[in-house]
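Worksheet for the structure shown next.
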Amino acid sequence: QVQLVESGGGLVQAGGSLRLSCAASGRTFSAYRMAWFRRAPGKEREFVATINRIASITDYTDSVKGRFTISRDNAKNTLYLQMNSLKPEGTAVYYCAASAAVVRSIRQSDYNYWGQGTQVTVST
């Protein structure tokens, strides 16, 4: 089992930037495919980005391509999401997730472990 804790959320003006972090513990971080999901007010949770074990493959939802960057530091057991040019519709609770199967997937059901989430609020 792996435990995940997100941090770095907060209030930011539209057009600004935030960097989210997800600290992992309990098992070897490098053995997991990692992902970010988010849930906006009044909406279902959606996929944002994913990264493979050695950071050679990344995938993003269309709405964040060119603005968000997912990365990881396996030596620090930490996952990151750099968010630039933030928009009000980016307001959401952001969750990190880990897949023990290390499959290339955007499906929530393929991710075995989840953090509690961190709130991001983008103001106009």
Side-chain angles (χ1 to χ4, degrees):
Q1 183 174 313
V2 61
Q3 293 80 46
L4 305 173
V5 180
E6 303 94 336
S7 62
L11 177 64
V12 64
Q13 295 261 189
S17 299
L18 281 176
R19 189 191 193 195
L20 305 183
S21 298
C22 174
S25 63
R27 295 192 68 179
T28 304
F29 176 69
S30 62
Y32 293 87
R33 166 171 283 274
M34 302 295 297
W36 289 97
F37 293 82
R38 68 184 178 186
R39 186 176 66 192
K43 296 184 178 181
E44 297 182 358
R45 188 162 60 187
E46 66 174 350
F47 167 78
V48 177
T50 187
I51 188 168
N52 71 337
R53 291 170 294 170
I54 61 173
S56 60
I57 302 172
T58 58
D59 295 287
Y60 300 89
T61 190
D62 286 344
S63 64
V64 308
K65 287 180 179 177
R67 300 186 298 113
F68 289 14
T69 302
I70 187 171
S71 62
R72 66 193 296 164
D73 187 337
N74 287 344
K76 296 182 180 294
N77 286 1
T78 304
L79 175 75
Y80 303 98
L81 184 67
Q82 178 66 46
M83 304 185 294
N84 298 326
S85 301
L86 281 162
K87 303 176 180 179
E89 51 263 44
T91 294
V93 177
Y94 285 72
Y95 302 87
C96 67
S99 174
V102 295
V103 64
R104 184 177 181 177
S105 176
I106 65 171
R107 297 180 299 175
Q108 297 183 47
S109 62
D110 284 331
Y111 291 84
N112 309 87
Y113 306 102
W114 294 79
Q116 295 271 22
T118 186
Q119 176 71 48
V120 172
T121 303
V122 184
S123 64
T124 59

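Every value quoted in this text rests on a predicted model; they were computed, and no experiment measured them.
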Ignoring hydrogens and geometry, is there a side-chain-to-backbone donor-acceptor pair from [X] to [Y] under 3.5 Å?
X	Y	answer
T69	Q82	no
D59	V48	no
E46	R39	no
R72	N77	no
E6	C96	yes
S30	T28	no

Would you mind reporting whether [Y] and [X] have side-chain heavy atoms less than 4.5 Å apart?
X	Y	value
F68	W36	no
R45	Q108	yes
V64	M83	no

Nearest 0.5 Å, what's the CZ-CG distance between R67 and L86?
6.5 Å
Minimum heavy-atom distance [X]-[Y], with the two atoms named:
X	Y	result
S63	R38	OG-NH2, 3.5 Å
G9	L20	N-CD2, 3.6 Å
L79	A35	CD2-O, 3.9 Å
L81	A49	CD1-CB, 4.5 Å
V122	G90	CG2-C, 4.3 Å
A23	T78	CA-OG1, 4.5 Å

If you link ILVMFWY side chains whenever their heavy atoms are less than 4.5 Å apart, which other residues fall into the same cluster as F37? By chain and number, please.
F47, V93, Y95, I106, Y111, W114
Dump the intermediate steps for side chain to side chain contact (heavy atoms under 4.5 Å, CB included) on V120 and L18, then the final yes or no.
CA-CA 9 Å; V120 172; L18 281 176; 3.9 Å; yes
Can you find a side-chain donor-acceptor pair between [X] and [Y] that sits under 3.5 Å?
X	Y	answer
S17	N84	yes
R33	T50	yes
D110	S105	yes

Using the side chain to side chain contact (heavy atoms under 4.5 Å, CB included) criterion, which residues pair with S123? Sequence neighbours excluded.
L11, Q13
State which residues pass side-chain hydrogen bond (donor to acceptor under 3.5 Å, both in side chains) with K43; sequence neighbours excluded, sorted by chain then number.
none
Using the side chain to side chain contact (heavy atoms under 4.5 Å, CB included) rule, take R104 and N52 through it: C-alpha gap first, then chi angles, then the decisive distance, then the call.
CA-CA 7 Å; R104 184 177 181 177; N52 71 337; over 6 Å; no
Go through the steps for F29 and M34 under the test side chain to side chain contact (heavy atoms under 4.5 Å, CB included), then give the verdict.
CA-CA 9 Å; F29 176 69; M34 302 295 297; 3.8 Å; yes
Check the hydrophobic clustering (I, L, V, M, F, W, Y; side-chain heavy atoms under 4.5 Å; chains of links allowed) and say if I70 and Y80 are grouped together.
no
